[in-house]
Novice: 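Okay, handing you the structure first.
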Number of protein chains: 2
Amino acid sequence: MYTIGQAAEMTGFGHDTLRFYEKMGLLKPQRKRPGGARVFSDDDLRLLFGLKCLKRMGLSLEEIKSFTISNRCMTERSSMSEGDEAVLRDRIGLLTDHLARMEMQRRELDELINRTKNNIRLYNELLDGTP
Amino acid sequence: MYTIGQAAEMTGFGHDTLRFYEKMGLLKPQRKRPGGARVFSDDDLRLLFGLKCLKRMGLSLEEIKSFTISNRCMTERSSMSEGDEAVLRDRIGLLTDHLARMEMQRRELDELINRTKNNIRLYNELLDGTP
DNA sequence: CTACAAGCTGGAGATAACTCCAGGTCAACT
DNA sequence: AGTTGACCTGGAGTTATCTCCAGCTTGTAG
């Protein structure tokens with residue numbers, strides 16, 4: 001259990017950013033302390049690290065929100081009732097779409113990495129070839 | 001040689017976006033037509049496609065700017081004079097840093113893809129396991 | 001008991017990256 | 001000559017994502 005200052009320090013976000021994420025509904029730290037101070041759990045921190053990663057992948061906070069919320073729902077329920085099946089199928093669809101996008105992104109990234117390696121090699125040859 | 005409208009259509013950017021990129025110095029299409037209309041070359045289009053790719057990787061326009069400008073300089077010169085060597089080394093440094101960042105991003109992306117695949121699998125088992 | 005650091009809130013301000021608009025130029029068609 | 005459509009400019013407006021601020025509460029150290 002951490003204060004907002006500790007959570008900020010550990011995740012590298014600013015405290016204002018964490019409050020902003022809460023406003024957006026990305027995060028729901030508990031509020032039990034007298035003045036209404038936030039209490040961040042290890043789960044909250046994990047979510048924040050995941051968020052940071054997704055952000056670096058270029059997802060918007062809204063996308064991340066729908067993504068992490070569907071994930072959270074999954075881990076919360078261990079048994080299923082009859083009507084939940086459709087919801088579950090929706091989530092599978094969402095995740096599958098997201099997966100496809102990430103895989104495309106990976107292909108692009110690979111190509112970019114290769115092109116960059118090539119450029120670096122060319123540069124080095126240019127250097128070595130003209131001493 | 002293309003008009004701004006054609007370039008916009010082909011690259012998927014809006015025409016205002018292309019003008020905005022020019023204002024930023026990311027792009028310098030020729031301006032030979034009477035009213036000062038822009039003329040986009042195949043090189044300009046290649047640059048735009050590369051830009052789009054880099055953007056999807058999460059780079060800011062400023063980062064892309066320094067990156068594409070250093071690349072453009074490379075392809076422009078085929079022979080080297082003595083003082084250029086230091087400049088060249090700088091560029092190699094810039095590209096190498098960028099490469100390292102991209103490779104880290106790739107590792108993160110891989111992990112994320114695997115986690116997502118796992119989640120999808122778990123969901124599907126949940127569905128299949130409770131008919 | 002006072003001082004101080006760390007939290008809190010609501011709202012304003014900042015930045016990046018567009019996006020739109022009014023009013024003007026220019027070439028081509030009718 | 002007039003209309004139309006694509007392009008031009010400078011500048012205002014928008015959206016997402018923070019970032020900062022003034023003024024208040026609370027827990028702890030001296």
Side-chain angles (χ1 to χ4, degrees), chain A residues 1-41 44-45 47-69 98 101 105 108, chain B residues 1-41 44-45 47-69 98 101 105 108:
Chain A
M1 296 306 191
Y2 315 94
T3 68
I4 195 170
Q6 291 167 326
E9 165 123 10
M10 294 167 76
T11 59
F13 290 113
H15 44 95
D16 275 328
T17 306
L18 297 182
R19 289 194 264 257
F20 171 70
Y21 286 166
E22 183 180 1
K23 261 187 211 160
M24 283 200 61
L26 267 167
L27 205 62
K28 289 190 199 68
Q30 291 191 289
R31 307 293 284 271
K32 19 184 65 165
R33 291 218 244 264
R38 293 163 180 84
V39 178
F40 290 78
S41 67
D44 289 325
L45 290 204
L47 196 151
L48 283 170
F49 283 118
L51 194 158
K52 181 162 243 175
C53 183
L54 289 165
K55 245 167 63 77
R56 254 201 303 276
M57 296 307 137
L59 276 79
S60 72
L61 293 182
E62 284 301 330
E63 286 174 307
I64 293 172
K65 184 172 164 182
S66 67
F67 179 73
T68 55
I69 281 178
H98 183 59
R101 271 190 296 159
Q105 207 169 18
E108 283 174 1
Chain B
M1 296 306 189
Y2 315 94
T3 67
I4 195 170
Q6 292 167 326
E9 166 124 7
M10 294 167 77
T11 60
F13 290 113
H15 44 94
D16 275 329
T17 305
L18 296 183
R19 288 195 263 259
F20 170 71
Y21 286 168
E22 184 181 0
K23 263 187 209 160
M24 283 200 61
L26 267 167
L27 205 61
K28 287 188 201 67
Q30 291 191 291
R31 307 292 283 272
K32 17 183 69 163
R33 291 218 243 266
R38 294 164 181 81
V39 178
F40 289 77
S41 68
D44 289 326
L45 289 203
L47 197 150
L48 283 170
F49 283 118
L51 195 158
K52 181 162 244 176
C53 184
L54 288 165
K55 247 169 59 77
R56 254 201 302 275
M57 295 307 137
L59 276 80
S60 74
L61 293 183
E62 284 301 330
E63 286 175 307
I64 293 172
K65 185 173 165 183
S66 67
F67 179 72
T68 55
I69 281 180
H98 183 59
R101 269 190 296 160
Q105 208 170 19
E108 283 175 1

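Scope of the values below: all heavy atoms of this structure, side chains included, with no hydrogens, waters or symmetry mates. Chain A is the first sequence line, chain B the second, and so forth, proteins listed ahead of strands; every chain is numbered from 1.
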Novice: Could you tell me whether B/Lys55 and B/Glu63 make a salt bridge, using a distance below 4.0 angstrom between a side-chain N and a carboxylate O?
Specialist: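 No, this pair does not count.
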Novice: Rounded to whole angstroms, how far apart are NZ on B/Lys32 and P on C/dT25?
Specialist: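 One finds 24 Å between P of C/dT25 and NZ of B/Lys32, rounded.
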Novice: Would you indicate whether the side-chain heavy atoms of A/Leu61 and A/Phe20 approach each other to under 4.5 Å?
Specialist: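 Yes, at least one pair of side-chain atoms sits under 4.5 Å.
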Novice: When you look at A/Lys23 and A/Arg19, which way does the side chain to side chain contact (heavy atoms under 4.5 Å, CB included) test go after all the steps?
Specialist: CA-CA 6 Å; A/Lys23 261 187 211 160; A/Arg19 289 194 264 257; 6.0 Å; no
Novice: How would you label the contact of A/Arg33 with the nucleic acid (heavy atoms, under 4.0 Å): base, sugar-phosphate, or nothing?
Specialist: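 It contacts nothing in the nucleic acid.
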Novice: Find which nucleotide of DNA chain D each of A/Gly36 and A/Gly14 is nearest to by heavy atoms, and output the residue with the more 5' nucleotide.
Specialist: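 Comparing both residues, the 5'-ward one is A/Gly14.
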Novice: Which nucleotide in the list C/dC21, D/dC8, D/dC7 gets nearest to the side chain of B/Thr3?
Specialist: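 Of the options given, the side chain of B/Thr3 lies nearest D/dC7.
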Novice: For C/dC8, does OP1 or OP2 lie under 4.0 Å from any side-chain N or O of A/Arg38?
Specialist: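 Yes.
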Novice: Let me know the distance between NE2 of B/His15 and C1' of D/dG5, rounded to the nearest Å.
Specialist: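 Those two atoms, NE2 and C1', are 12 Å apart.
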Novice: For the pair made of CD1 in A/Ile4 and P in C/dG7, what is the distance, rounded to whole Å?
Specialist: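 Atom-to-atom, A/Ile4 to C/dG7, this comes out as 7 Å.
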Novice: Nearest whole angstrom, please: distance from the P of C/dT19 to the CG of B/Leu18.
Specialist: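 Between P of C/dT19 and CG of B/Leu18: 11 Å.
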Novice: Which one, D/dC20, C/dT9, D/dG10, comes nearest to the side chain of A/Arg31?
Specialist: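 Within the option list, the nearest is C/dT9.
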Novice: Compare the minimum distances between each of C/dC8, C/dT19, D/dC8 and the side chain of B/Asp16, then state the nucleotide with the smallest one.
Specialist: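 So the nucleotide nearest the side chain must be C/dT19.
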Novice: Distance check needed: C/dA17 P versus B/Lys65 NZ, whole Å only.
Specialist: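 After rounding, the gap between these two atoms is 11 Å.
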Novice: Run the numbers on B/Asp44 and B/Val39 for side chain to side chain contact (heavy atoms under 4.5 Å, CB included), then give the verdict.
Specialist: CA-CA 9 Å; B/Asp44 289 326; B/Val39 178; over 6 Å; no
Novice: Give the minimum heavy-atom separation between A/Phe40 and A/Ala7, together with the two atoms involved.
Specialist: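 In terms of heavy atoms, the two residues are closest at CG-CB, 3.7 Å.
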Novice: Mind calculating the distance between NZ (B/Lys23) and P (D/dC8) to the nearest angstrom?
Specialist: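 Computing the B/Lys23:NZ to D/dC8:P distance gives 12 Å.
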Novice: Hey, are A/Glu22 and A/Arg31 close enough for a salt bridge, meaning a charged N less than 4.0 Å from a carboxylate O?
Specialist: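 Yes, A/Glu22 and A/Arg31 are salt-bridged.
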Novice: With a 6.0 Å cut-off (strictly less than), is the heavy-atom count around CD of B/Gln6, excluding the residue itself, greater than 12?
Specialist: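 Yes, enclosed.
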Novice: Can you tell me how far P of C/dC18 sits from NZ of B/Lys52, to the nearest Å?
Specialist: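 These atoms are roughly 10 Å apart.
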Novice: Under 3.5 Å, which N/O atoms of the protein pair with N/O atoms of nucleotides 16-18 of chain D?
Specialist:
| residue | atom | partner | partner atom | Å |
| --- | --- | --- | --- | --- |
| D/dT17 | OP1 | A/Leu61 | N | 3.0 |
| D/dC18 | OP1 | A/Lys55 | NZ | 3.3 |
| D/dC18 | OP2 | A/Tyr21 | OH | 2.6 |
| D/dC18 | OP2 | A/Lys55 | NZ | 3.4 |

Novice: Can a side chain N or O of A/Arg19 be found less than 4.0 Å away from OP1 or OP2 on C/dC8?
Specialist: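 Looking at the OP1 and OP2 atoms of C/dC8, one of them is under 4.0 Å from a side-chain N or O of A/Arg19.
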